[in-house]
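Counting from 1, the numbers follow the sequence of the chain as shown.
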Amino acid sequence: MKKKHHNNKKKPGIFKKWTGKLHLWFGLGIGFLIFIISITGALYVFKDEIENITRKDVIYHHEQNIEQKNILPIRVLERSVAEQVKEKYPIHWVNIPIDRKMSYMFYWYEHDTTAWNYFDEFPIYKVAYVNPYNGKVLRTYDEKNGFFNIVKMIHWSFLLKQDWGKYVVGIPVIIFIIMLISGIILWWPKNKAARKQRFSFKWKNVKSWKRKNYDLHNVLGFYASIFALIFSITGLFYAFFIVQAMIYVIFSGGNTVYPDFSHIKTKAPIELRTETTLDKIINTVKEKYPDSYGFAIDLGHEHMDDHEHPNFEVFIKHLSYSYHKNSSVIFDENSGEILHTHDPKDKNFGEKVVAANYDIHVGAILGLPTKIIAFIVSLICASLPVTGFMIWWGRRKKKPLKAI
């Protein structure tokens, strides 16, 4: 005679049942992509810290007695750098630090809009560290083929053309957000007793690797979920314009029009533009923002994508570790006079949140502490598809109990 086993465990409701199925199907469908996106995100977090160490000998030029010396005019520096490096493309822009002990950074950057992959889309992305007192190139780096930039572009577009590669990344991230929400629903305890078991690992008497793997997936997933949602949404900011618009509208208190200064343009006659006009602009920025970290100056040459700027805008970065605190100054390109200034105090909260999006996404918003959080959360996100797959595989191989 067969004994009947009474299972007192309450079966999940229809909603949780289908939430579980959705969570599983999405996980099996995009798990590998989420693993790649997350692991590359983790690898990129400490890019600046690592490069500050590996490039320390050229970030600072070590010129002696700089108090008695003058920095060379920017066009003189440009010609000197171009002659030493001998690239077929013109120098695109230069990063100028406020700290006189630091090197100038001259960039070559070309964008081929007809290409279909990252390596063809950017024929060159290169930087030269330069002593601004004598024009000597200290070292050049091929950023295009550098480790961190390749990691970034895998994370950004899977090395596909940016225009559509960002959607190949963005769509799985949308699904991942749905999975995070469904995971929280599945995890959510029904009562106080269950709640106690789900906030920590109870492994004292647990030997089964399946149980430990299950706890890793659920407990780590829960604790990482809020940060993972933040990092996912700030990542979607770059893939979908509607996300940018929604973030701005929400945090600006309902403003639907982003401040636009494209109508502010050069009016002085081109005859006023001279060899030293850019030096006038550079000196004005240095005098106006002596406590900032640095700024970028476009050297004004034609480039492959033939893009045109609506005006001559200089971006000023106030902090060394973050971009969110910044200013922009529009100059008359011919006379070198200031036409408009937009500082942090002039921005509404929506503008500030939009400006902080990148720093929130990479964990740089508060420096090293938030970078450590971003690194750990990215690793946990990378682990979720692995532990989730192992849960599914373990259940798939599980043999049904025989009645006795």
Side-chain angles (χ1 to χ4, degrees), residues 7 9-42 155 158 166-203 206 208-237 239-240 242-243 246 361 373-374 376-401:
N7 190 356
K9 189 176 180 181
K10 189 177 179 181
K11 291 184 178 179
I14 294 296
F15 177 70
K16 273 207 169 183
K17 179 182 176 181
W18 282 101
T19 299
K21 287 182 179 293
L22 190 71
H23 191 81
L24 171 64
W25 293 336
F26 280 162
L28 293 175
I30 66 158
F32 180 70
L33 298 180
I34 294 302
F35 174 81
I36 296 297
I37 294 168
S38 300
I39 205 70
T40 51
H155 183 81
F158 292 133
K166 62 184 180 181
Y167 300 125
V168 180
V169 171
I171 292 171
V173 172
I174 292 175
I175 297 173
F176 181 61
I177 290 175
I178 297 172
M179 290 185 65
L180 287 170
I181 296 169
S182 63
I184 293 172
I185 292 170
L186 294 170
W187 170 91
W188 200 262
K190 292 182 178 179
N191 51 54
K192 190 174 181 180
R195 195 178 300 123
K196 287 182 179 180
Q197 296 179 347
R198 298 195 181 184
F199 284 105
S200 59
F201 302 110
K202 309 289 185 184
W203 287 351
V206 175
S208 169
W209 71 267
K210 289 183 180 180
R211 180 65 202 187
K212 291 181 178 180
N213 179 72
Y214 180 83
D215 287 347
L216 280 172
H217 186 79
N218 286 279
V219 177
L220 292 180
F222 168 73
Y223 282 116
S225 58
I226 296 300
F227 290 107
L229 281 170
I230 293 171
F231 295 141
S232 297
I233 292 169
T234 52
L236 291 178
F237 176 95
F240 302 100
I242 190 172
V243 176
M246 287 174 61
H361 185 66
I373 292 172
I376 293 171
V377 170
S378 296
L379 289 181
I380 292 174
C381 289
S383 77
L384 294 178
V386 178
T387 53
F389 178 83
M390 291 171 69
I391 291 171
W392 170 76
W393 189 259
R395 289 175 176 174
R396 177 178 172 273
K397 302 290 283 185
K398 187 176 180 181
K399 294 180 180 179
L401 293 172

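A donor-acceptor pair under 3.5 Å is absent between the side-chain atoms of Asn213 and the main chain of Trp209, judged by distance alone. A donor-acceptor distance shorter than 3.5 angstrom exists from the side chain of Thr234 to the backbone of Phe231, with no hydrogens or angles considered.
Contact of the Phe158 side chain with the Ile37 side chain is registered, since non-hydrogen atoms from C-beta on lie closer than 4.5 Å. Within the 4.5 Å cutoff, the side chain of Cys381 has heavy atoms near those of the Val377 side chain.
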Steps toward side chain to side chain contact (heavy atoms under 4.5 Å, CB included) verdict (Tyr214, Arg211): CA-CA 5 Å; Tyr214 180 83; Arg211 180 65 202 187; 4.0 Å; yes
Worked verdict on His217 versus Ile391 for side chain to side chain contact (heavy atoms under 4.5 Å, CB included): CA-CA 9 Å; His217 186 79; Ile391 291 171; 3.7 Å; yes
Could you walk me through whether Ile34 and Leu384 pass the side chain to side chain contact (heavy atoms under 4.5 Å, CB included) test, one step at a time? CA-CA 9 Å; Ile34 294 302; Leu384 294 178; over 6 Å; no
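Contact detail for Gly41 and Ser378: the closest heavy-atom pair is C-OG, 4.2 Å. Nearest heavy-atom pair, Ser38 versus Ala382, reported as atom, atom and distance to 0.1 Å: CB-N, 3.5 Å.
Here CD1 of Ile171 is found 5.5 Å from CZ of Phe240. Values are rounded to the nearest 0.5 Å. Going from atom NE2 of His361 over to atom NE2 of His155 covers 3.5 Å, rounded to the nearest 0.5 Å. From Phe237, atom CZ reaches atom CD1 of Ile242 across 13.5 Å, with rounding to the nearest 0.5 Å. Rounded to the nearest 0.5 angstrom, Phe35 CZ and Thr40 OG1 are separated by 9.5 Å. Between atom OG1 of residue Thr387 and atom CG of residue Leu216 there is a gap of 7.0 Å, rounded to the nearest 0.5 Å.
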Validation: residues 174-185 side-chain donor-acceptor distances under 3.5 Å, sequence neighbours left out:
{"from": "Ser182", "atom 1": "OG", "to": "His23", "atom 2": "ND1", "distance (Å)": "2.8"}
{"from": "Ser182", "atom 1": "OG", "to": "Ile178", "atom 2": "O", "distance (Å)": "3.1"}
{"from": "Ser182", "atom 1": "OG", "to": "Met179", "atom 2": "O", "distance (Å)": "2.9"}

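Ring geometry, Trp392 versus Phe389: the interplanar angle falls from 30° to 60°, so the pair is classed tilted. Ring geometry, Trp187 versus Phe222: the interplanar angle falls under 30°, so the pair is classed parallel (tilted spans 30 to 60°).
The number of heavy-atom neighbours closer than 6.0 Å to CZ of Phe227, taken from other residues, nucleotides and ligands shown, is 12 or below.
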